[in-house]
Amino acid sequence: MKNGIRKFYISFVVTCCIIFGFLAVCIAYENIRATEYGENRRAVSYENGIIYFFDYQYEIK
């Protein structure tokens, strides 16, 4: 039982670090775009069948 709870806590902490790290990168990207280029652009967005992920565009057919 103790080993299962320990694995859960370790997995939870690692997952939280990955999620909060990704959110921090998104916030930093949005602030850099606003400061350097004067654009209010979201880090991850979806518009007219195109997914914008940072500076990449993926078209959904």
Side-chain angles (χ1 to χ4, degrees):
M1 182 71 174
K2 266 188 176 179
N3 197 16
I5 292 174
R6 183 176 180 196
K7 288 180 182 179
F8 170 76
Y9 283 132
I10 291 172
S11 298
F12 180 74
V13 169
V14 169
T15 303
C16 285
C17 288
I18 291 170
I19 290 171
F20 287 126
F22 178 73
L23 291 176
V25 169
C26 288
I27 291 170
Y29 174 82
E30 291 172 2
N31 287 332
I32 289 169
R33 294 296 287 193
T35 303
E36 294 296 322
Y37 303 109
E39 299 175 355
N40 289 329
R41 182 172 171 189
R42 306 284 301 177
V44 179
S45 64
Y46 175 78
E47 296 173 6
N48 300 327
I50 299 175
I51 296 175
Y52 296 97
F53 185 73
F54 296 111
D55 287 331
Y56 301 102
Q57 299 177 3
Y58 299 103
E59 186 175 341
I60 298 175
K61 297 180 181 182

* To do: Please write out which residues are connected to Y37 in a hydrophobic cluster, directly or through intermediates, given that two of Ile, Leu, Val, Met, Phe, Trp, Tyr count as joined at side-chain heavy-atom separations below 4.5 angstrom.
  => none
* Main-chain N/O of R33 paired to E39 side chain as donor or acceptor, under 3.5 Å -> no
* Any chance you could pull the hydrophobic cluster mates of L23, using side-chain heavy atoms under 4.5 angstrom and chaining through other members? => I19, F20
* To do: Measure the spacing between OH of Y52 and CZ of R42 and express it to the nearest 0.5 Å.
  => 15.0 Å
* Asked: Do V25 and V44 share a hydrophobic cluster (ILVMFWY, side-chain heavy atoms under 4.5 Å, transitive)?
  -> yes
* To do: Check whether F8 and I18 end up in the same hydrophobic cluster, where Ile, Leu, Val, Met, Phe, Trp and Tyr are linked by side-chain heavy atoms less than 4.5 Å apart.
  => no
* Under 30°, 30 to 60°, or over 60°: which ring-plane class applies to F54 and Y29, parallel, tilted or perpendicular? -> perpendicular
* Are more than 12 heavy atoms from other residues, nucleotides or ligands located less than 6.0 Å from atom CZ of R41? -> yes
